[in-house]
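Atoms within a ligand are numbered from 1 in the order they appear, just like the ligands themselves. Numbering of residues begins at 1 and proceeds along the displayed sequence. Computed from a predicted structure; not experimentally measured.
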Amino acid sequence: MPSVSAPKSCILGTGAYAPDRVLSNADLERLVDTSDAWITERTGIKERRVAADDQASSDMALVAAQRALEAAGLTAKDLDMIIVGTVTPDLPMPACAAILQQKLGAGPIPSFDISAACAGFIYAMSIADQFIRSGAQKHVLIVGVELLSRILNMKDRTTCVLFGDGAGAAVLGPAKADGAGILSTKLYTDSSLVGSLCIPAGGSKERLTPEALGAQRDKVHMAGQDIFKVAVKNLTSASRSALEQAELPSSAVRWVVPHQANLRIIAQVAQRLDIPLERFVLNIEKYGNTSSASIPIALDEALRDGRIEKGDTVLMCALGAGISWGSALVRV
Ligand code: UT7
């Protein structure tokens, strides 16, 4: 086990953005063969947000990033790196982070996307921590942003009711002497379930032929039950590993900010970790599953409304396509 040392990087500020348009379960009842009762009981979701037609991921990321910079008391010119976790960049290339850099007016700093689906924000946090820890960079903007409504088959009730659009961001910087900061991060990928959550066509493997488009193979396909089972197991073990690495018991955790994919997954993880569900920050009811944006949106909400207070130890954990998952333990 690595030796426990004082944190080297900390969260200086957070921000979030969700589009105005609300899509309720009742709205979805008119689109597919589903019901508010099914969605609520099986997932905990009541509504989700949908971006406007003229919005791209970078537009949502921009607002979240500006709010995070303001909370950190910094400007875009102070940034040394931008990392965006997303599976819905504005364009296949260049990176969403490059477009965000331009919109923010940041300098010619390294800016790149990472593709770790719902675990994207945790991956970005871990990478940022390594760069700050090594002294290579000082201020790193990390963003989780998804415009999932563009990649959903709105006729597939097994996926279209689950996801929503949004963005969340944090600015990380060198830790101060107050003990606040990133205590540990853990990252994993297990490729045995690659096909259980994917977009089959549109990459280099399968072209966007009329047949592929007709079969909606450019949209999200998910074997929900396969993912559910590993989600409970892996989120629990990753959380335990982050605690072990920081040499802290689960009782030291004041708040858990989990990926908001399914309330039943979260409840089972809570039980296995022996942390009461009351100590989990939950907003799945309002936003559904916003993939890489879900943790930073929930984190920002709980910091701004005062639930998470200075000195609190916060555990985050997320799992998504890949399957990629991870955890982070942070003292705020
Ligand atoms: O964030 C990325 C990672 N993703 C996840 O973590 C998602 C993990 N998986 C899940 O959250 C759940 O598996 C789902 C919410 C996707 C599905 O819930 P489930 O309890 O596993 O349902 P199921 O797939 O076993 O389906 C049960 C029934 C089926 O009908 P039959 O075969 O029993 O007649 C489905 O066809 O529910 C049906 N069903 C629906 N019924 C009404 C599936 N979707 C719907 C729907 N409305 N939207």
Side-chain angles (χ1 to χ4, degrees), residues 23-48 85-88 115-123 144-149 151-166 168 188-199 216 219-239 257-270 272 280 282-285 287-298 316-327:
L23 187 69
S24 68
N25 290 351
D27 296 329
L28 284 163
E29 284 177 355
R30 290 187 278 277
L31 289 176
V32 282
D33 180 17
T34 192
S35 65
D36 173 49
W38 191 96
I39 302 170
T40 307
E41 279 164 28
R42 300 287 182 129
T43 71
I45 301 166
K46 296 297 277 183
E47 59 188 40
R48 67 289 293 143
T86 188
V87 293
T88 51
S115 180
C118 304
F121 187 76
I122 300 291
Y123 268 64
V145 60
E146 301 293 0
L147 212 163
L148 298 167
S149 59
I151 56 165
L152 292 176
N153 175 357
M154 293 311 287
K155 293 194 172 117
D156 176 8
R157 69 176 184 173
T158 69
T159 52
C160 76
V161 304
L162 304 175
F163 298 97
D165 301 336
Y188 310 85
T189 301
D190 172 1
S191 54
S192 60
L193 287 178
V194 160
S196 293
L197 179 47
C198 66
I199 298 174
Q216 302 264 2
K219 302 293 194 304
V220 172
H221 289 239
M222 181 168 77
Q225 285 218 346
D226 295 351
I227 305 290
F228 191 110
K229 285 179 207 141
V230 294
V232 173
K233 185 165 132 296
N234 294 353
L235 290 171
T236 305
S237 60
S239 297
V257 183
H259 172 45
Q260 317 274 323
N262 189 317
L263 193 53
R264 290 184 296 136
I265 294 176
I266 296 171
Q268 289 190 31
V269 171
R272 289 183 186 204
F280 281 65
L282 303 172
N283 63 11
I284 188 169
E285 189 177 319
Y287 302 116
N289 181 348
T290 56
S291 186
S292 67
S294 87
I295 286 183
I297 292 175
M316 303 169 216
C317 54
L319 175 143
I323 297 170
S324 292
W325 72 101
S327 56

Hey, is atom 33 (O) of ligand 1 under 4.0 Å from any protein heavy atom?
no
Is there a side chain to side chain contact (heavy atoms under 4.5 Å, CB included) between Asp156 and Val220? Walk through the geometry before answering.
CA-CA 9 Å; Asp156 176 8; Val220 172; over 6 Å; no
So which atom in Ala238 and which in Tyr188 form the shortest heavy-atom distance, rounded to 0.1 Å?
CB-CE1, 3.7 Å
Identify, by atom number and element, the atoms of ligand 1 in contact range of Ile265, meaning under 4.0 Å from any of its heavy atoms.
6 (O), 8 (C)
Would you say the side-chain atoms of Thr290 and Glu146 include a donor-acceptor pair closer than 3.5 Å?
no
Checking contacts now, so for atom 39 (N) of ligand 1, which I'm interested in, is there any protein heavy atom under 4.0 Å?
yes
Quick check: does Ser35 get an N/O under 3.5 Å from an N/O on ligand 1?
no
Taking atom 29 (C) of ligand 1 as the reference point, report whether a protein heavy atom occurs under 4.0 Å from it.
no
Is a donor on one side and an acceptor on the other found under 3.5 Å between the side chain of Ser292 and the backbone of Gly85?
yes
Asn234 side chain to Ser237 side chain, donor-acceptor N/O pair below 3.5 angstrom
no
re atom 35 (C) of ligand 1, the protein heavy-atom contact at minimum distance is Arg157 NH2, 3.9 Å
For Thr43, the ligand 1 atoms whose distance to one of its heavy atoms is below 4.0 Å:
15 (C)
To check you understand the geometry: which heavy-atom pair defines the closest contact between Asp36 and Glu29, and what is its length?
N-OE2, 2.7 Å
Numbering as shown, the atoms of ligand 1 that approach Arg42 to under 4.0 Å (heavy-atom distance):
19 (P), 20 (O), 22 (O), 27 (C)
With heavy-atom distances below 4.0 Å as the criterion, list the atoms of ligand 1 near Cys118.
1 (O), 2 (C)
Any chance you could lay out the side chain to side chain contact (heavy atoms under 4.5 Å, CB included) test for Thr158 and Met222, step after step, and finish with the verdict?
CA-CA 8 Å; Thr158 69; Met222 181 168 77; over 6 Å; no
Quick note on ligand 1: atoms under 4.0 Å from a heavy atom of Asn262 include exactly 10 (C), 11 (O), 12 (C), 15 (C)
For Thr189 against Trp325, the heavy-atom pair lying closest together:
C-CZ3, 3.9 Å
Region of Trp38 engaging ligand 1 - heavy atom pairs below 4.0 Å
side chain
Between Ile39 and ligand 1, which part of the residue brings a heavy atom under 4.0 Å of the ligand: side chain, backbone, both or neither?
neither
Heavy-atom protein neighbour under 4.0 angstrom from atom 6 (O) of ligand 1
yes
Residue, atom name and distance, where the atom is the protein heavy atom closest to atom 21 (O) of ligand 1:
Gln225 CG, 3.4 Å
Taking atom CZ of Phe228 and atom CG of Leu319, what is their separation to the nearest 0.5 Å?
12.0 Å
For atom 9 (N) of ligand 1, the closest protein heavy atom turns out to be Gly224 O, 3.0 Å
Mind checking whether Val32 and Cys160 have side chains closer than 4.5 Å, heavy atoms only?
yes
Would Asn289 count as a contact residue for ligand 1, given that I'm defining contact as a non-hydrogen atom of the residue lying under 4.0 Å from a ligand atom?
yes
Using a strict 4.0 Å cut-off to heavy atoms of Arg264, name the atoms of ligand 1 that fall inside it.
18 (O), 19 (P), 20 (O)
Polar contact flag for Val161 and ligand 1 (N/O pairs, less than 3.5 Å)
no
Report yes if Thr34 has an N/O atom closer than 3.5 Å to an N/O atom of ligand 1; otherwise report no.
yes
Using a strict 4.0 Å threshold on nitrogen-to-oxygen distance, state whether Asp165 and Arg48 make a salt bridge.
no
